[in-house]
Structures are given as C-alpha cells and as structure tokens.
Amino acid sequence: MPELPEVETVRRGLAPALVGARILRAEQRRPDLRFPFPDNFAARLAGRRILGLRRRAKYLLADLDGGETLVMHLGMSGSFRVDGDIQGAFHHPRDKSAAHDHVVLHMENGGRVTYNDPRRFGFMLLVQSNGLDAHKLFQGLGVEPLDEALDASFLAHAFRGRAAPAKALLLDQRVIAGLGNIYVCEALHRCGISPLRAGGKLVTAAGRPGALLARLPQAIKEVLADALAAGGSSLRDHRQADGSLGYFQHSFRVYDREGAACPTPGCKGTVARAVQSGRSTFYCPQCQK
DNA sequence: ACACTATCCTGCAGGC
DNA sequence: TGCCTGCAGGATAGTG
C-alpha cells in the first residue's frame with residue numbers, strides 16, 4: 001500500500017505500539033523477502049528497545065537501542081497489523097493472508113506487530129544508525145516532497161534537458177523520494193501537466209520553470225496533504241495498522257477512473273489511460289497539456 | 001548519461 | 001465451474 005501518505009499513515013499507526021517499547025522476541029518465518037533477511041535477524045531484534053519510528057521517502061526507520069536502525073520497505077503489498085492479544089494468537093485457519101505473515105514482533109508490553117506481504121517486494125534490513133545517510137539505499141534519494149526544498153526551481157533544474165516524460169521523472173526516487181503511481185497521476189492532473197509531456201519542455205530556454213511547472217510543487221504538496229488527512233488510500237482490502245481503512249481512494253480525480261468525466265471545473269474531457277514504462281497512467285487529454 | 005524493458009511474487013478480476 | 005491473461009500502490013538490473 002505504499003506511497004508516502006500510506007507509509008506515513010502506517011508510521012503513525014505503529015508508533016503507539018512500538019515507540020519506547022521493547023521487543024521481547026521476534027519471529028522470522030522465511031529466509032527472505034525481496035532480499036535475504038540480515039544474519040541472525042530475529043536474535044538481533046530480541047531485547048532491543050525501539051527509540052523512535054521515522055519515515056524517509058517510502059522507508060520506515062525504527063531506531064533501536066544498541067545503535068542499529070531497522071529499515072523497512074513495504075514494496076507493493078506489505079502491511080502491518082497490530083494486535084494487543086496477550087492470551088495467544090487467534091489465527092483463523094482459513095485466513096489465507098496468515099500464510100504471508102512473514103515477521104512478528106512480540107513486544108514486552110503485550111502488543112504484537114505482524115508484517116504481512118503477499119508479493120514479498122518489501123524488505124527489512126539492519127543498518128548502523130550513524131551510517132544511515134551514507135547507506136546505498138539513502139545516498140541517492142531525492143528530496144522529500146513535503147519539504148520546502150521541493151520548489152519550482154528545483155524541478156526546473158531536475159527537468160531541464162530531459163526527454164523523459166514528466167510522469168517518469170516524478171516517479172524517479174532520485175529526483176523526488178516518496179511519490180508513486182497514484183499521486184504522480186493526481187498531482188499532474190491538479191496542475192494541468194500531461195504525464196506524456198517531455199520534462200525538458202516544461203522548462204524555459206533560460207532554465208526557468210514554465211508556467212505549468214511552476215504549479216507542480218504546490219499540486220504535489222496539496223494532494224499529499226489531502227491524502228494524509230484521509231489516512232492514505234486503501235486499494236482492495238488494504239488496511240492501516242490499526243485495522244481501519246484510509247479513504248483517499250474516493251477522492252481520486254483521475255487514478256483508476258478511465259472513461260469518467262474529467263473533474264476539472266469547466267472541462268468536458270474524459271479520463272484516459274495510457275501505459276508509460278509499463279505502468280498505467282491516468283490523465284485528461286483535454287486539460288492536461 | 002539516458003530511456004526503456006523485463007523481472008521479482010502472489011492474488012484477483014474479467015473473458016471465454 | 002475453471003482456465004487463461006493481464007494487471008496491481010515498487011524498484012532494480014540489464015539493454016540499446
């Protein structure tokens with residue numbers, strides 16, 4: 001479920017159960033997800049206290065005592081579940097999703113945090129906390145989209161001379177870290193930029209942001225803020241850590257709305273679907289230029 | 001350097 | 001009903 005608003009919503013949901021709490025015991029139920037788990041993963045988690053839970057881009061970072069940080073990425077289908085069931089697990093045998101419960105953290109406070117990931121594109125790593133920024137995963141990461149560093153001149157610099165479509169550039173985590181397919185589609189629609197438009201064409205010859213590009217940072221920040229306020233988007237049956245559903249999917253203007261009337265006031269267009277870099281793009285050919 | 005593809009994996013919806 | 005195809009919120013290695 002993982003773009004920035006979803007990961008941040010997960011972080012907020014997990015924090016009460018994890019921050020300040022000690023991991024009594026950890027279960028690692030398979031050798032790997034996207035990558036192999038670290039050596040002695042479960043044993044290295046046992047007894048550790050979680051000092052804080054942060055987010056960087058789409059990564060969740062749990063800082064542990066002892067100087068290590070547990071780095072978690074949800075991939076496409078990762079989710080966390082928190083239950084306070086101290087008496088023992090209730091796992092319905094027909095609950096298929098339990099087959100994909102890959103990691104369980106048994107907390108000293110009686111809580112239990114389970115990581116479930118059917119597609120296993122997610123991963124967990126342990127990294128020295130003081131070397132996090134230098135780690136390969138974080139080294140090349142672009143700006144946080146909600147940071148003030150994301151502004152029109154930053155985008156003009158990043159897009160200048162690029163032939164790749166705006167969609168591809170916004171999905172590139174080395175430029176902006178945290179956007180994904182949904183929010184890129186939504187942000188481009190909000191500011192009237194076609195996802196097919198070459199990035200370089202949105203920049204003036206002098207390297208300044210064009211009129212449309214100037215609106216993009218605000219569009220990105222607004223759609224993310226709206227999604228955060230809604231608890232993220234819940235496609236299919238994805239749930240937040242506390243079991244509740246985000247509801248921003250009801251506010252999508254173009255994503256997964258092929259054939260619907262364009263919601264832009266005064267626009268008579270119809271939402272279209274295109275495929276870019278193997279992924280669906282939704283946009284209005286009428287008002288996105 | 002850049003642009004584009006194929007790929008990892010499972011589940012689900014839609015067509016026949 | 002069942003089988004098949006395509007598609008899914010991500011990110012990377014590999015190709016030209």
Side-chain angles (χ1 to χ4, degrees), chain A residues 1-10 29-36 55-60 71-80 94-102 115-125 135-142 145 157-187 195-201 223-224 227-228 230-240 245-252 254-259 273-282:
Chain A
M1 67 165 79
E3 294 184 45
L4 185 151
E6 290 74 36
V7 177
E8 178 61 22
T9 299
V10 168
R29 297 183 174 172
R30 52 173 299 124
D32 55 23
L33 294 172
R34 176 170 175 182
F35 307 124
R55 179 194 58 76
R56 167 75 171 108
K58 300 172 190 172
Y59 295 91
L60 275 175
V71 176
M72 298 169 279
H73 195 289
L74 305 177
M76 287 278 255
S77 59
S79 64
F80 282 96
R94 293 203 185 131
D95 184 359
K96 278 190 291 185
S97 74
H100 303 298
D101 286 351
H102 305 308
Y115 178 70
N116 180 287
D117 188 355
R119 293 176 73 180
R120 306 203 301 273
F121 288 170
F123 57 88
M124 294 192 188
L125 298 175
H135 193 279
K136 190 172 182 254
L137 283 176
F138 302 96
Q139 188 79 117
L141 230 41
H157 182 74
F159 282 24
R160 189 177 191 184
R162 300 292 298 268
K167 170 86 182 295
L169 296 174
L170 293 176
L171 281 175
D172 188 340
Q173 302 298 297
R174 295 168 300 184
V175 178
I176 304 177
L179 298 182
N181 207 30
I182 292 178
Y183 298 107
V184 166
C185 290
E186 292 294 315
L196 310 175
R197 187 88 176 273
K201 301 260 186 186
V223 73
L224 293 179
L228 272 168
S233 304
S234 301
L235 269 50
R236 305 201 170 74
D237 58 350
H238 263 298
R239 280 162 192 283
Q240 312 307 340
L245 292 165
Y247 52 88
F248 190 71
Q249 66 278 13
H250 303 301
S251 301
F252 292 165
V254 290
Y255 185 82
D256 205 20
R257 294 181 56 81
E258 182 183 15
R273 175 180 177 271
V275 176
Q276 294 182 278
S277 22
R279 316 192 61 193
S280 287
T281 292
F282 299 91

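Each chain gets a letter, A, B and so on, in the order the sequences are listed, and its residues count up from 1. For clarity, every value in this text was computed on a predicted model and none was experimentally measured.
A:R257 places its CZ atom 18 Å from the C1' atom of C:dG9, with the value rounded to the nearest Å. The distance between atom CZ of A:F123 and atom C1' of B:dC8, rounded to the nearest whole Å, is 13 Å. Per the geometry, CG belonging to A:D172 stands 12 Å off C1' belonging to C:dT12, to the nearest Å. Rounded to a whole Å, the CZ atom of A:R279 is 13 Å from the C1' atom of B:dT7. In this entry the distance linking CZ of A:R120 with P of B:dT10 reads 4 Å, nearest Å. Summarising the geometry, the separation between CG on A:L4 and C1' on C:dG9 is reported as 12 Å, rounded to the nearest angstrom.
At C:dG9, none of the side-chain N or O atoms of A:K58 fall inside 4.0 Å of OP1 or OP2 (strictly under the cut-off). Checking the phosphate oxygens (OP1, OP2) of B:dC9, no side-chain nitrogen or oxygen of A:H100 falls inside 4.0 Å. One finds no side-chain N or O of A:R119 lying less than 4.0 angstrom from the OP1 or OP2 phosphate oxygen of B:dG11.
Judged by distance alone, the side chain of A:E258 and the main-chain N or O of A:F282 form no donor-acceptor pair under 3.5 Å. In this structure, A:E3 contributes its side chain and A:I182 its backbone to a donor-acceptor pair below 3.5 Å.
When the P atom is compared between B:dA6 and C:dG6, the two are found 13 Å apart, to the nearest whole Å.
Here the shortest heavy-atom pairing between A:P165 and A:L196 reads CB-O, 3.7 Å.
Here A:F121 does not lie in a stacked arrangement on the base of C:dA11, lacking the combination of planes under 30° and ring centres under 5.5 Å apart.
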